[in-house]
Amino acid sequence: MSEKLAIVILNWNGKKWLEKFLPSVIQFSKEATIYIVDNSSTDDSIQYIQSNFPSVRIIKNDQNYGFAGGYNEGLKKIDAEYYCLLNSDVEVTENWIQPVIDLFEKDSHIATIQPKILSYSNKNHFEFAGAAGGLIDNLGYPYCRGRIFDDVEEDKGQYDDETEIFWASGCCFFIRSKDFWEQNGFDERFFAHQEEIDLCWRLKNNNRKVYYTGKSKIYHVGGGTLNKQNPQKTYLNIRNNLSMMLKNLPFPKLIWLIFFRLCLDGIAGIYFGFKNGFPHLWAVIRAHFGFYAQLPGTWKLRQTHQIKDFYQTKWLIFKHFL
């Protein structure tokens, strides 16, 4: 029998996060079934859960498939109307679920919903990964209400609304299972980073809605697997962003934008090299070669229909930095 809501936490050697945050998820999620999808951890995460939280269901992947593939594999074994994909480094709050379910049931065209995401370490400020809902500019740069690049706003109630957004954060990603599987889930080639933006873009190309609700609130640590100083994060973000645009952008914007972004990435690589060291410059170069290597497969995954008005603001990077 299908469940109403499955809260699904992907785990890879994350015992310290499960110890800290799983109790809050259990306490405030009585209306849901909680699953841990384990990406072949080598620590004692699974033994810890089995000993301390026997009500939590465990699904074991046979290897580390990353964020995208890990969820795809785990969710195949879960029968629920709604999924909540929740990072292990998240503290949830009382009544965080019901506003989301209410919004789903209010509008059948809504495929995905994100709550307000605040910083666990600075609880009156938004958190980098999602803040008050994701948007995108005309150059394909993702940003958020409440966070533009590294600049994060204080939460003063300015985003306590419920509104349509462009993408919902994978940190806390509610989605109808029907919509998830109609899009064949996440693009597993991404491994991690921006796979949720790509999925939301594909949903929008198919006339589905992505929403934010400020009536639900969580606190996120961030950087639990890869922190911002890790060159691999730079590599995945740039490679995946380029592949995402190739899959989802309409002609003729696709041609000039990909070319323009490749040039801007070169500038960014030099900047990263001076700021963070050569490994980050090399990560940008590797990302471009990674994009080229994936190009034939990415082209085959292009959507049959692309929305033309995909962005909410123009030239964000120039307005922000210059």
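Every heavy atom of this structure was used, including side-chain atoms; hydrogens, water molecules and symmetry mates were not. What you see is a predicted model, and the numbers here were worked out from it, not measured in a lab.
- By the side-chain hydrogen bond (donor to acceptor under 3.5 Å, both in side chains) test, Glu153 is found to be paired with Gln158, Tyr159, residues two or more places apart in sequence or in another chain being considered.
- Note on residues 39-54: pairs passing salt bridge (Lys or Arg N to Asp or Glu O under 4.0 Å), not counting sequence neighbours, are Lys15-Asp44.
- Legend: residues meeting side-chain hydrogen bond (donor to acceptor under 3.5 Å, both in side chains) with Thr163, ordered by chain and number and at least two apart, are absent.
- Using bins of under 30°, 30° to 60° and over 60° for the plane-to-plane angle, the ring pair Tyr71/Phe67 lands in the perpendicular bin.
- In this structure Arg145 satisfies the salt bridge (charged side-chain N to carboxylate O under 4.0 Å, His left out) test together with Asp161, sequence neighbours excluded.
- Remark: Glu105 pairs with Lys4, Tyr82, Ile101 by the side chain to side chain contact (heavy atoms under 4.5 Å, CB included) rule, at least two apart or across chains.
- Under the side-chain hydrogen bond (donor to acceptor under 3.5 Å, both in side chains) criterion, Lys77 pairs with no residue, sequence neighbours left out.
- Under the salt bridge (Lys or Arg N to Asp or Glu O under 4.0 Å) criterion, the residue pairs touching residues 256-268 are Arg261-Asp265, with sequence neighbours excluded.
- Aromatic ring centres of Trp96 and Phe28 lie farther apart than the 6.0 Å criterion allows.
- For the pair Arg57 and Glu3, the salt-bridge criterion is met [side-chain N within less than 4.0 Å of a carboxylate O].
- A single hydrophobic cluster is not seen to contain both Val56 and Tyr83; linkage of ILVMFWY side chains at heavy-atom distances under 4.5 Å, directly or through other members, places them apart.
- By the salt bridge (charged side-chain N to carboxylate O under 4.0 Å, His left out) test, Lys123 is found to be paired with Glu91, residues two or more places apart in sequence or in another chain being considered.
- Residues satisfying the side chain to side chain contact (heavy atoms under 4.5 Å, CB included) criterion with Ser121, sequence neighbours excluded, are Ser119.
- Asn237 meets the side-chain hydrogen bond (donor to acceptor under 3.5 Å, both in side chains) test with Gln194; sequence neighbours excluded.
- With respect to the salt-bridge test (charged N to carboxylate O, under 4.0 angstrom), the residues Lys116 and Asp160 qualify.
- For Asp102, there are no salt bridge (charged side-chain N to carboxylate O under 4.0 Å, His left out) partners two or more places apart in sequence or in a different chain.
- Residues satisfying the salt bridge (charged side-chain N to carboxylate O under 4.0 Å, His left out) criterion with Arg208, sequence neighbours excluded, are Asp179.
- When the shell of 6.0 Å around CD of Glu94 is examined, it contains 12 or fewer heavy atoms from other residues, nucleotides or ligands.
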task: Check step by step if salt bridge (Lys or Arg N to Asp or Glu O under 4.0 Å) holds for Arg147 and Asp151.
output: CA-CA 6 Å; Arg147 188 271 295 171; Asp151 291 342; over 6 Å; no
